[in-house]
Each structure stands twice: as structure tokens, then as C-alpha cells.
Amino acid sequence: MPFSLRLSTNLHTPWNLSNSNEPTPPTNQNLSFRRFSPLSSFRTSLDCVSDGGVTKEVPVRLPFVVVRRPNEASRFFWVGNCLQVVTVDGGAAADADVDFDDRVLRVCGSVVREFFIPRGVTGNYVEYVKWKLLHRVFSSALQVLATQAMFTAMGVGFSSSLPSAAALNWVLKDGIGRLSRCIYTASLASAFDTNLKRVRFTTSVLFVASIGLELLTPTFPQCFLLLATIANISKQISLACYLATRSAVHQSFAIGDNLGEISAKAQIQTVCFDILGLMLAAIVNMCIESHRRQQAGLHYLIYPFFAAMDLFGIYQGLKHVHLQTLTKDRLEIILSTWIECGYVPSPAEVSDKEGVNLLGVKGECSWPIRIGCLNPKDQIPKWSMKTIQCITNEDYYFVCVEFFKGLKRTRKSILVSVREGAEAVHIIMGLLQACYIRRAVLMNSTRWEIIIEESNASDSTMEDWSVIVENAKRSAERDVSNLIDQMVEMGWMVKNILLSTQEQIRYSFVCD
């Protein structure tokens, strides 16, 4: 709809920015009209009302929509022959009833938030930063205490110390540590994507343990090189993991393509939090300065508390990291929820179920699903092998049952083997079919366990298995399109599935 303005005064009059005796615009309890000036702040209003029976100029709402800034929004109005803006809740009119101290706290809080927190992030980012503060403060304090202990072990400050020997020891421990970092990074590259939280927390435990080794160097100065080298290897491994996973963690908080801003804010947070840690370490040193003989012993008493707070902060912070990338474990959680409950869980829900999984030990699960290649050590029943023999050039995956008879019990699992050239949609469909097969088997688990134990390959068994596989395949083909659409709506990245090295093994179809 076209929009026009009618001026009640001279048409050649420019925007009136001076204080003239114009009629005061109507006000509401949370509205505050202001004349527009270069120093005026932008305020907003969505409506206005007349003030009693007095006839006044009615503000004309300009079609600018709403201009938003941190903690406030603004909208332009035209009153008479001047441009004005209006304040709603949170503006000057609302601030009039707030104490000066509250206004100062609000302003300071806004400044601190803008300094540390980027704009385009998810709601769980603030909680992550809170726990990051706890982690970085105590981690920085621990590093200061450890460095001080290592200097003491090398004899820094004593006339009997040998500077050349100390320098050689330092170079050796750093060189071996960096070499170990390269080996670790090369051997564990895929785990940074598929098991990010577990690897991140495990290496954090190694880092805290390295601090403990460095604190031991004054007690065992003759073992300085050995202890310092082992500690530095742990530190380099932890640093490699941090650098490799940092971008993925930051990306999980980004709403838009503002990864650069989030990374910049993260650096500001790290520097400020580390400074607080240095201050804490300085205070601790001041408190134990008068007990120099017991200084090493006091460090051993402080270390467990600081280390516990450091790891607690890391653990709690990782719980607020909701990754939107798909791995085999996350995808299996999504598909199981879809089959049982009929909806796609959000990244936050999957993150709660996934957990940090420190030891990499999953809960007891009947008939677990595995993605990869056939294992010669495992046995495949004849009735399952029949379905493998029926795959064609049009199939991008196949599903079968494998089991391994141990001393105490038989380990059973469902294998999804993916063909070369398969895309993410084929992996999703194959895993969905495997989940449907598992549900059908668990509905009559006693019978199928007996069949596997007795290696029963009767015609009825083969027929029942073929029916289960075909029904599961039809259900997967029917649901996969709707499933992927809902996953995209929930924020999941479905274009690629992050798989481990063993899960990336593919088979090739050969037509004899």
C-alpha cells in the first residue's frame, strides 16, 4: 500500500530538529516521544493513544518497521512537521521509576554482556561461558603454581644452579612434547568429530594430571627431565585436542554465519578469565609466603581442590555444547526416538542423552547397531547371509546380523555396511532400516536368541527374517523423506554424517 505524508506547514521546511513550541504528542504509561536529534537514542512504540479530550496531533507511524539495538528497539513517527521516536518498556519512560543504582547495574551488565557475549548465539551459550569462567580461572592458577614448582626444581634463584643444563632440559621436554602432539593428532583425527566431548574431557584430565606431575618436580629434582617431559606430552596432547575441537564447539553456538565474532569473543573470555586465575594464584602465593618450608606441601593440598574445580567446570560446560552435526551415535538416538515417539529430538535433547561418555563405555543395549565392514572373526547366520546374496547394483547398503560366541555369552549385533558412492541419505535410510529390524527382533527376542544359539537355519526362519527385512526396508523408504525434513527443521545438519575410521570402510559391488 503506498504511503504519503501531508505537511501542515511550509512544504520546503526541512526536518525540524530544534525545540519549538509544538503540541506535546499523546503519551501512554510506557511510551516516551522524543524529538529526533543527533544525540537522541532510538526508541520504539507500536501504538499511541489520545490524551483525554484535548485535541492534539496524532503521530503518523512511518513504514520503517522496527529498528533494533541491544536491549531496545525503535520506531519512527511523524508529528506535525518533525520526526520523533517513541519509547516502550525498557526505555527512558520505564527507567524513570528505577533507582539510580539499578540503572547503573543494568548499564554495566549490558556493557559486560556486549563485551563477552556475541549477538548471534544460541541460548545455552551464556551457561557455557559461566562454566568456562570456572574452568579457566582454576586452570590458570594451577599453571602458575606448577611453573613456580618447576623453577624451584631446576634451582632457579640459587647460585649452585647450572643455567645451561636447565636450558637443555627445557628444550628436550618441549621437543619431545611437540613430537608426541603430532603423533597423537595424526592417529586420532576422526575422533575429534565423532567423539568430541569425550576426547575433549579426557585430554582435560590429562592436562590436570600433567600439572600434578610438574608440582612433584621440587620433591624429586633428580627426575626433573622425566617428570617434565611426561607432563609436557600430556599438555601438548590436550592443546592439540583443544585446537582441533574449538571451531566445532563455537559453530554449535552460532545462529548465523558469525563464527569469526564468536571466536573473537572466546579469545577475550580466555584472556580475562586467565587474568583472574593469575590473580588467584598470586593471592595463594602471598598467603603461603610466610610458610616457605611447607610451600610444596601446601601446593599438594591446594592442587586437589583446584583440579576438581577445573574439571567440574569443563564437564558442566561441555553439557551445554549442543552439536548439530550427525554422528552414528547421535543419528541412532534420533532414529530410535522417531520410531518410538514419532518425533525428531532437538540437539539439546540428544546432547542430554549422549552425555560426555568419559570412558567411551555405552550403556547395555540389546542388539546394538554397527556401521562398517564384515568382520571375519564374527559369524553370520545362514538366514542372514541369504539377504546379503540378494543385493543388487541399485542397493547402496545392506543390513545383516552378526554374532560372536564368547566364553560367557554370545554377543549379537546388527551390521549396516555401506557401499562406495553412498550419500548421507543412504546412510540414514540404512540405519533407519536397522532400527526397524531391531525393534521387530526385540518384540520376539527369546525366539531369535534361541535361533542364534542353536544355529537354526530352517525354512521358516529364513522366511521370517526375509519378511522382517522387507518390512523394515519399506518402512524406511516411506519415512526417510519426512524424517529428513523434520531433522532440518530441528537444526540438524543432514548433508553429511561424521563417521569414525572403521565406520568409513565401504564395499564395492562386483557383478560376476
Side-chain angles (χ1 to χ4, degrees), residues 134-158 161-185 187-188 198-245 270 273-274 277-278 280-282 284-285 287-288 291-315 356 358-359:
L134 180 67
H135 150 57
R136 294 301 308 185
V137 167
F138 285 95
S139 177
S140 179
L142 280 174
Q143 292 182 64
V144 172
L145 298 178
T147 304
Q148 181 182 7
M150 294 177 69
F151 283 156
T152 303
M154 292 195 320
V156 174
F158 296 92
S161 63
L162 299 176
S164 59
L168 178 60
N169 287 347
W170 206 274
V171 170
L172 283 175
K173 80 176 185 64
D174 281 354
I176 296 175
R178 292 182 182 182
L179 178 61
S180 302
R181 171 183 169 184
C182 294
I183 297 174
Y184 168 79
T185 305
S187 61
L188 206 64
R198 175 165 61 87
V199 174
R200 181 76 172 266
F201 187 79
T202 303
T203 53
S204 299
V205 174
L206 286 178
F207 181 85
V208 173
S210 69
I211 299 294
L213 289 177
E214 291 178 349
L215 289 174
L216 286 174
T217 53
T219 306
F220 306 97
Q222 67 277 11
C223 300
F224 172 83
L225 183 59
L226 176 62
L227 295 176
T229 301
I230 297 175
N232 197 59
I233 289 174
S234 301
K235 280 188 173 183
Q236 292 294 331
I237 290 175
S238 179
L239 177 61
C241 176
Y242 173 76
L243 295 176
T245 59
T270 300
F273 299 163
D274 285 352
L278 296 176
L280 177 60
V284 171
N285 281 326
C287 294
I288 64 177
H291 305 83
R292 182 164 295 276
R293 290 186 176 181
Q294 295 82 18
Q295 186 173 0
L298 292 176
H299 283 170
Y300 299 148
L301 294 177
I302 296 172
Y303 169 76
F305 175 73
F306 277 27
M309 297 302 293
D310 181 12
L311 294 177
F312 182 70
I314 297 172
Y315 183 83
V356 176
L358 172 59
L359 300 177

Minimum heavy-atom distance between [X] and [Y], given as atom pair plus value:
X      : Y      : answer
Phe312 : Leu134 : CD2-CD2, 4.0 Å
Ile230 : Leu213 : CG2-CD1, 3.6 Å
Ser139 : Phe207 : OG-CE2, 3.5 Å
Thr270 : Tyr242 : OG1-OH, 4.4 Å
Cys241 : Thr245 : O-OG1, 2.8 Å

Quick one: [atom1] on [X] to [atom2] on [Y], what's the gap to the nearest 0.5 Å?
X      : Y      : atom1 : atom2 : answer
Leu206 : Lys235 : CG    : NZ    : 13.0 Å
Leu142 : Leu215 : CG    : CG    : 7.5 Å
Phe220 : Leu226 : CZ    : CG    : 11.5 Å
Gln222 : Thr217 : CD    : OG1   : 11.0 Å

For Asn232 and Ser210: C-alpha separation, side-chain torsions, deciding distance, then whether side chain to side chain contact (heavy atoms under 4.5 Å, CB included) applies. CA-CA 7 Å; Asn232 197 59; Ser210 69; over 6 Å; no

Would Phe306 and Val208 satisfy side chain to side chain contact (heavy atoms under 4.5 Å, CB included), going step by step from the backbone distance to the final call? CA-CA 9 Å; Phe306 277 27; Val208 173; over 6 Å; no

Sequence-distant partners of Tyr315, side-chain contact (heavy atoms from CB on, under 4.5 Å), two or more places apart: Phe201, Lys319, Val356

Check whether Thr203 reaches the backbone of Arg200 with its side chain - one donor and one acceptor, N or O, closer than 3.5 Å. yes

Examine distances only and state if a side-chain atom of Ser238 and a backbone atom of Ser234 form a donor-acceptor pair shorter than 3.5 Å. no

Taking salt bridge (Lys or Arg N to Asp or Glu O under 4.0 Å) as the test, write out the residues that go with Arg136, two or more places apart. Asp274

Do the side chains of Leu311 and His135 get nearer than 4.5 Å, heavy atoms only? no

